[in-house]
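These numbers come from a predicted model, not from an experiment.
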Amino acid sequence: MTDKPLPHPAEPVAPSPVQSKGSLLRTIRAVAWSFIGLRKGSEYAQDVEKLNPVHIIVVGLVAVFLLVISLITLVNVIV
């Protein structure tokens with residue numbers, strides 16, 4: 001048996017990566033709602049806690065790319 005000291009109760013315990021893991025679908029939904037500009041404050045707070053900022057940036061860049069490509073295609077079809 002090892003004598004490993006337990007953390008002091010006042011010390012903050014870092015959350016494990018498993019607890020803060022958000023799904024890809026949740027990230028896509030959060031980015032889509034932010035494009036529209038409609039979002040509840042409580043859902044925003046949940047997203048801040050659970051979603052990875054790198055995933056949000058990547059999904060946001062992909063969404064912007066798809067939006068630009070779809071607008072270019074729409075203009076080419078109409079004109």
When clusters are formed from ILVMFWY side-chain contacts under 4.5 Å, directly or step by step, what else is grouped with Val48? Tyr44
Distance from Leu51 atom CG to Ser23 atom OG, nearest 0.5 Å? 7.5 Å
Would Val64 end up clustered with Leu24 when hydrophobic side chains under 4.5 Å apart are linked, directly or stepwise? yes
Fellow cluster residues of Leu61, listed by chain then number, with links counted only when side-chain atoms sit under 4.5 Å apart: Ile57
As an exercise, state the distance from CG of Leu71 to CG of Asn76, rounded to the nearest 0.5 Å. 11.0 Å
CG/Leu67 to CD1/Ile72 distance, rounded to the nearest 0.5 angstrom? 10.0 Å
Mind listing the closest non-hydrogen atom pair of Ala63 and Phe35 along with its distance? CB-CZ, 3.8 Å
Working to the nearest 0.5 Å, report the span between CZ of Arg26 and NE2 of His55. 14.5 Å
Considering only heavy atoms from C-beta outward, does the side chain of Val62 approach that of Val31 to under 4.5 Å? no
Sorted by chain and residue number, the side chain to side chain contact (heavy atoms under 4.5 Å, CB included) partners of Ser42 (sequence neighbours excluded) come out as Lys40
